[in-house]
**Student:** 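Before anything else, here's the structure in question.
If you're wondering where the values come from, they're calculated on a predicted model, not measured in any experiment.
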Amino acid sequence: MDVTVHLAQDPEADALLGRSPLAALVGMLLDQQVPMEWAFKGPRTIADRLGAEDLDAHEIATMDPEAFAALLSRKPAVHRYPGSMAKRIQQLCRYLVDRYDGDPEAVWRGAGGGAELLRRLEDLPGFGRQKAQIFLALLGKQLGVAPQGWREAAGAYGEAGSFRSVADITGPESLAKVRAHKQEVKAAAKAAKAAGT
């Protein structure tokens, strides 16, 4: 994997995301309750604080949980909830070590099709169906991993020309479009809730 992405809107962070399967997975895991750019900058921040060029599932899986949480909590914090996200990242890395010998790319390498890859992604700790579909769309649209049927398995996130998620961000303009879409969805949900009460 060696592609150019613009998810963090930061050259060093994006360079790591474009070459590191684990960084991409960790960024996706962090992408909740914080701005997308903040989430996807997290893997670079973690690597820097570990004094490493990349993230290593074996190293993170075996780190002392309190020390890893402290690493994520150091200012500026990697996430709004650094302690709970530290636990989730370690759970993800332990799963990758146990199931894939610490090789995150093995999650999608050899997947028999989009439906199988979606199942593998849904099995990852911290990845529900929606997060798995968004990551599948990111793999297919930007990271060069496009098994047969990936668009169908990714659902609406796999649609060409859409601006629904991080999978569609290729620069500041598309980021603004994705943000606008998310605001529309929130506004519609809020209106529907108000109408129902």
**Student:** Measuring from Leu17:CG to Met28:CE, what's the distance to the nearest 0.5 Å?
**Tutor:**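 Atom-to-atom, Leu17:CG and Met28:CE are 11.5 Å apart.
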**Student:** May I ask you to test the Arg19-Glu53 pair for a side-chain heavy-atom distance under 4.5 Å?
**Tutor:** yes
**Student:** Using a strict 4.0 Å threshold on nitrogen-to-oxygen distance, state whether Arg119 and Asp123 make a salt bridge.
**Tutor:** no
**Student:** Work out which heavy atom in Ala77 is nearest to a heavy atom in Pro82; give both atom names and the distance.
**Tutor:**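 Between these two residues, the closest heavy atoms are CB-CG, 4.3 Å.
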**Student:** So Pro172 and Gln9, do their side chains get closer than 4.5 Å, heavy atoms only?
**Tutor:** yes
**Student:** When the ring planes of Phe127 and Phe135 are compared, do they come out parallel, tilted or perpendicular, using 30° and 60° as the limits?
**Tutor:**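 Phe127 vs Phe135 ring planes: perpendicular.
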**Student:** Which atom pair, heavy atoms only, marks the closest approach of Leu16 to Ala23?
**Tutor:** CG-CB, 3.7 Å
**Student:** Identify the heavy atoms of Leu117 and Ala111 that sit nearest to each other, and give their distance.
**Tutor:** CB-CB, 3.9 Å
**Student:** May I ask you to decide if Arg74's main-chain N or O and Arg49's side chain share a donor-acceptor pair within less than 3.5 Å?
**Tutor:** yes
**Student:** side-chain contact (heavy atoms from CB on, under 4.5 Å) between Leu138 and Ser165: does it pass, once the steps are laid out?
**Tutor:** CA-CA 9 Å; Leu138 178 63; Ser165 73; over 6 Å; no
**Student:** Please say whether more than 12 non-hydrogen atoms of neighbouring residues, nucleotides or ligands are located less than 6.0 Å from NZ in Lys131.
**Tutor:** yes
**Student:** Mind listing the closest non-hydrogen atom pair of Arg120 and Ala106 along with its distance?
**Tutor:**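 The answer is NH1-O, 3.4 Å.
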**Student:** Do the non-hydrogen side-chain atoms of Leu50 and Met63 ever get within less than 4.5 Å of each other?
**Tutor:** yes
**Student:** Hey, does Met36 have a side-chain heavy atom less than 4.5 Å from the side chain of Ile169?
**Tutor:** yes
**Student:** Do Leu30 and Phe40 come close enough that some side-chain heavy atom pair is under 4.5 Å?
**Tutor:**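 Of all side-chain heavy-atom pairs linking Phe40 with Leu30, none is under 4.5 Å.
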**Student:** Examine Val78 and Trp38 and state if one hydrophobic cluster contains both, with Ile, Leu, Val, Met, Phe, Trp and Tyr joined whenever side-chain heavy atoms are less than 4.5 Å apart.
**Tutor:**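 No, Val78 does not connect to Trp38 through the hydrophobic network.
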**Student:** Measuring from atom CG of Asp98 to atom CZ of Arg94, what distance do you get when rounded to the nearest 0.5 angstrom?
**Tutor:**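 Between atom CG of Asp98 and atom CZ of Arg94 there are 9.0 Å.
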**Student:** Is there a side-chain contact (heavy atoms from CB on, under 4.5 Å) between Leu121 and Gln133 once you walk through the steps?
**Tutor:** CA-CA 8 Å; Leu121 292 169; Gln133 285 185 310; over 6 Å; no
**Student:** Is Leu175 reachable from Val3 through a run of I, L, V, M, F, W or Y residues, each pair having side-chain heavy atoms under 4.5 Å apart?
**Tutor:**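 Same cluster.
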**Student:** Can you tell me how far CG of Leu136 sits from CZ of Arg151, rounded to the nearest 0.5 angstrom?
**Tutor:**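 Answer rounded to 0.5 Å: 10.5 Å.
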**Student:** Pick one: which of Val5, Val178, Ile134 meets side-chain contact (heavy atoms from CB on, under 4.5 Å) with Val166?
**Tutor:** Ile134
**Student:** Counting only heavy atoms not in Arg88, do more than 12 fall under 6.0 Å of its CZ?
**Tutor:**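 No.
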**Student:** Between Asp101 and Asp103, is there a donor-acceptor pair closer than 3.5 Å when you use the side chain of the first and the backbone of the second?
**Tutor:** no
**Student:** For the side chain of His79 and the backbone of Ala86, is there at least one donor-acceptor N/O pair under 3.5 Å apart?
**Tutor:**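 Such a contact is absent between His79 side chain and Ala86 backbone.
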**Student:** So how far is it from Gln32 CD to Arg80 CZ, rounded to the nearest 0.5 Å?
**Tutor:** 11.0 Å
**Student:** Is there a side-chain contact between Leu7 and Asp31 in this structure, where contact means two heavy atoms from C-beta onward sitting under 4.5 Å apart?
**Tutor:**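 No. Closest side-chain heavy atoms not under 4.5 Å.
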**Student:** Are Leu139 and Tyr95 connected in a single hydrophobic cluster, I mean Ile/Leu/Val/Met/Phe/Trp/Tyr linked by side-chain heavy atoms less than 4.5 Å apart?
**Tutor:**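 Yes; Leu139 is reachable from Tyr95 via cluster members.
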**Student:** Between CD of Glu184 and CZ of Phe163, what distance do you get to the nearest 0.5 Å?
**Tutor:** 12.5 Å
**Student:** Does any part of the side chain of Leu72, heavy atoms only, come nearer than 4.5 Å to the side chain of Ile46, both counted from C-beta?
**Tutor:**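 Yes, their side chains come closer than 4.5 Å.
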**Student:** So, Gln142 side chain and Ala167 main chain: donor-acceptor pair closer than 3.5 Å or not?
**Tutor:** yes
**Student:** Which atom pair, heavy atoms only, marks the closest approach of Gln91 to Pro125?
**Tutor:** O-CG, 3.7 Å
**Student:** Is Leu92 reachable from Tyr81 through a run of hydrophobic residues whose side-chain heavy atoms are each under 4.5 Å from the next?
**Tutor:** no
**Student:** Give me the atom names and distance for the closest heavy-atom approach of Asp14 to Ala8.
**Tutor:** OD1-N, 2.6 Å
**Student:** Can you tell me how far OG of Ser174 sits from NE2 of His181, rounded to the nearest 0.5 angstrom?
**Tutor:**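 Between atom NE2 of His181 and atom OG of Ser174 there are 13.5 Å.
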**Student:** Are side-chain heavy atoms of Tyr157 and Ser162 found at a separation under 4.5 Å?
**Tutor:**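 A side-chain contact under 4.5 Å is absent here.
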**Student:** Honestly curious: do Ile89 and Val97 fall in one hydrophobic cluster under the side-chain, below-4.5 Å linking rule?
**Tutor:** no
**Student:** Do any N or O atoms from the side chain of Thr62 and from the backbone of Glu59 form a donor-acceptor pair under 3.5 angstrom?
**Tutor:**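 Present.
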**Student:** Give the C-alpha distance, both sets of side-chain angles, the deciding distance and a yes or no for side-chain contact (heavy atoms from CB on, under 4.5 Å) between Leu29 and Leu124.
**Tutor:** CA-CA 10 Å; Leu29 184 65; Leu124 296 174; over 6 Å; no
**Student:** Within the supplied structure, the quantity of interest is the number of heavy atoms (other residues, nucleotides, ligands) at a distance under 6.0 Å from Lys141 NZ; does it exceed 12?
**Tutor:**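 Correct, the count exceeds 12.
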